[in-house]
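Below is one structure, written out as structure tokens; the observations come after it.
Throughout, residue positions are numbered sequentially from 1 according to the sequence presented.
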Amino acid sequence: MRRTTKRSLTLLLLLSSLTASAQGPATSPFAGLDHPVALLLLCVAIGLMIAILILGYTVLGAMDIYRERIKKEKILPVVLLLLVSSAAQAQDTTSSASSIVQGMSDTVFTLLTLVIGVELLVIMMLISALRILAGIQRKSAPRTKKAPAPGKPRINWLEKLNRTRSLDAATEAEADMGHDYDGIRELNNPTPPWWRYSFYFSILFGVVYLWRYHVSQAAPLQLEELQIAEAKAAEAKEAYLKNAANNIDENNVTLLKDPSDIEAGKKLFITNCAACHGPEGQGVVGPNLTDSYWMHGGKVSEIFATIKYGVPEKGMKSWKEDFSPKQLAQLTGYIKSIHGTNPANPKEQQGTLYTEAQ
């Protein structure tokens, strides 16, 4: 039987080599072996191969007892025929198809999936053979609900979830494995069900996490999420500052003292206001803006409102359509900055006296 197994393994290896040679093109047939999908399939194939070796060793040991029974079974030739036909079908379908996985050749993908499929088939065969050799048979017995013993409380679902095998002296005797170390006995006492289910879930979660974040890269990693969040925060900050600069009115305007704002206000004043108020604010047609007398108020909010809405009856236009709220605030800041500069040839005082204390 061991000779038959060796021949079968040889045929399988030969079949895999023939499939690879028939599918692969002349130029770089195994391109894409470093692809994440290829690496994942290789890991799966290696893990299945280890399982096959363990099951095969167990089956070979059991075959010594049931050799006569196994000789009568002719499963292996049928399996080889199925493998040959599936390999031929795989060659026909993959030769004319386009790239299955982007960045990986069809030869590598088809070969790896074929190997994994064969390994799964072999594992199922080995498990079936092992069950037959060991004489495992399922006995279907009708389930009957056991009534709790008199005086014994009914176990609820929470207690079942935390239940272990050894709870008292009787159950400890059943779980005893016969190993005694200075009075310390070894019991075959598995962990509680909730712990096992959590462990199985963590394995499933790890596989899904590995595939989603590292293999398929369908979702960003933590550092990438941080970069995306920082980019969104920068855009939101820029939009906020832009909107905040345009949300200035006579009710919330404040005096701007930054040199850049004063310089920007000076440029606006010389370009648009110097014709009426003079290049230094000394007054020409309009009033003098450097003294302490104001016709429409000297507060920051009052100057801002005068520039914004104008004084049509005195010939001053409204500048709210020409300047943004930020520019109006800069112009107001510049006018406040030239107070008390005493330029040459100032115009006579007009309006009422205004002091900062007011």
Side-chain angles (χ1 to χ4, degrees), residues 219-358:
L221 296 173
Q222 292 181 349
L223 293 179
E224 295 174 349
E225 288 182 349
L226 177 61
Q227 294 175 357
I228 294 173
E230 289 178 346
K232 291 182 178 179
E235 293 177 358
K237 180 181 179 181
E238 183 180 358
Y240 171 78
L241 293 176
K242 184 177 180 180
N243 294 328
N246 293 324
N247 288 334
I248 302 174
D249 57 17
E250 59 273 15
N251 298 318
N252 59 11
V253 64
T254 58
L255 180 61
L256 301 180
K257 298 181 180 181
D258 189 87
S260 61
D261 292 326
I262 301 300
E263 184 64 26
K266 180 179 180 180
K267 292 179 180 180
L268 293 173
F269 182 86
I270 293 174
T271 305
N272 301 277
C273 307
C276 295
H277 296 279
E280 297 179 355
Q282 72 275 16
V284 183
V285 178
N288 182 6
L289 300 177
T290 62
D291 57 16
S292 299
Y293 289 83
W294 297 87
M295 298 176 64
H296 305 285
K299 294 182 180 179
V300 174
S301 59
E302 293 172 340
I303 297 173
F304 183 92
T306 302
I307 300 172
K308 180 178 180 181
Y309 299 108
V311 186
E313 62 273 13
K314 296 293 181 67
M316 179 179 176
K317 65 169 289 189
S318 172
W319 293 98
K320 63 181 179 180
E321 303 297 335
D322 300 275
F323 300 148
S324 66
K326 178 72 173 180
Q327 290 174 323
L328 292 175
Q330 291 173 342
L331 190 55
T332 303
Y334 172 72
I335 292 173
K336 292 291 289 184
S337 69
I338 63 176
H339 174 260
T341 54
N342 299 320
N345 302 320
K347 192 176 180 179
E348 69 276 4
Q349 299 173 351
Q350 293 176 285
T352 59
L353 179 64
Y354 170 80
T355 58
E356 295 296 334
Q358 294 177 342

Rounded distance (nearest 0.5 Å) linking atom CD of Glu348 with atom CG of Asn288:
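With rounding to 0.5 Å, CD (Glu348) is 9.0 Å from CG (Asn288).
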Which heavy atom of [X] sits nearest a heavy atom of [Y], and at what distance?
{"X": "Ala274", "Y": "Ile270", "answer": "CB-O, 3.5 Å"}
{"X": "Ile248", "Y": "Lys326", "answer": "CD1-CA, 4.3 Å"}
{"X": "Lys299", "Y": "Tyr354", "answer": "CG-OH, 3.5 Å"}
{"X": "Gly297", "Y": "Ile303", "answer": "O-CG1, 3.9 Å"}
{"X": "Val253", "Y": "Ser301", "answer": "CG1-CA, 3.8 Å"}
{"X": "His296", "Y": "Thr306", "answer": "CB-OG1, 3.7 Å"}

Checking the side chain of Lys320 only, and the main-chain atoms of Pro325 only, is there a donor and an acceptor separated by less than 3.5 Å?
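Checked: no pair found.
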Restricting to side chain to side chain donor-acceptor pair (under 3.5 Å), what partner residues turn up for [X], sequence neighbours left out?
{"X": "Asn252", "result": "none"}
{"X": "Ser292", "result": "His339"}
{"X": "Asn272", "result": "none"}

Could I get the full list of salt bridge (Lys or Arg N to Asp or Glu O under 4.0 Å) partners for Asp249, not counting sequence neighbours?
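For Asp249, no residue satisfies salt bridge (Lys or Arg N to Asp or Glu O under 4.0 Å) once neighbours in sequence are set aside.
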The salt bridge (Lys or Arg N to Asp or Glu O under 4.0 Å) partners of Lys347 (sequence neighbours excluded) come to none
What residues form a ring-ring contact (aromatic ring centres under 6.0 Å, His included) with Tyr309, not counting sequence neighbours?
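Result, ring-ring contact (aromatic ring centres under 6.0 Å, His included) vs Tyr309: none returned.
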Can you list everything that forms a ring-ring contact (aromatic ring centres under 6.0 Å, His included) with Phe304? Sequence neighbours excluded, please.
none
Check whether any side-chain heavy atom of [X] lies under 4.5 Å from a side-chain heavy atom of [Y], and answer yes or no.
{"X": "Thr332", "Y": "Val300", "value": "yes"}
{"X": "Trp294", "Y": "Leu289", "value": "yes"}
{"X": "Met295", "Y": "Val311", "value": "no"}

Inter- and intrachain pairs under salt bridge (Lys or Arg N to Asp or Glu O under 4.0 Å), touching residues 301-313, at least two apart:
Glu250-Lys308
Donor-acceptor contacts, no H, no angles, side chain residues 276-287, under 3.5 Å, sequence neighbours left out:
| unit_1 | atom_1 | unit_2 | atom_2 | d |
| --- | --- | --- | --- | --- |
| His277 | ND1 | Pro287 | O | 3.1 |
| Gln282 | OE1 | Glu280 | N | 3.1 |

All N/O donor-acceptor pairs, side-chain side in residues 258-267, below 3.5 Å, sequence neighbours left out:
| unit_1 | atom_1 | unit_2 | atom_2 | d |
| --- | --- | --- | --- | --- |
| Asp258 | OD2 | Ser260 | N | 3.0 |
| Asp258 | OD2 | Ser260 | OG | 2.3 |
| Asp261 | OD1 | Gln330 | NE2 | 3.2 |

Would you list the atom pairs, donor with acceptor, under 3.5 Å between side chains in residues 219-238 and any protein atom, with sequence neighbours excluded?
| unit_1 | atom_1 | unit_2 | atom_2 | d |
| --- | --- | --- | --- | --- |
| Glu224 | OE1 | Leu221 | N | 3.0 |

Would you list the pairs meeting ring pair (Phe, Tyr, Trp, His ring centres under 6.0 Å) in which at least one residue belongs to residues 311-332, sequence neighbours left out?
Trp319-Phe323
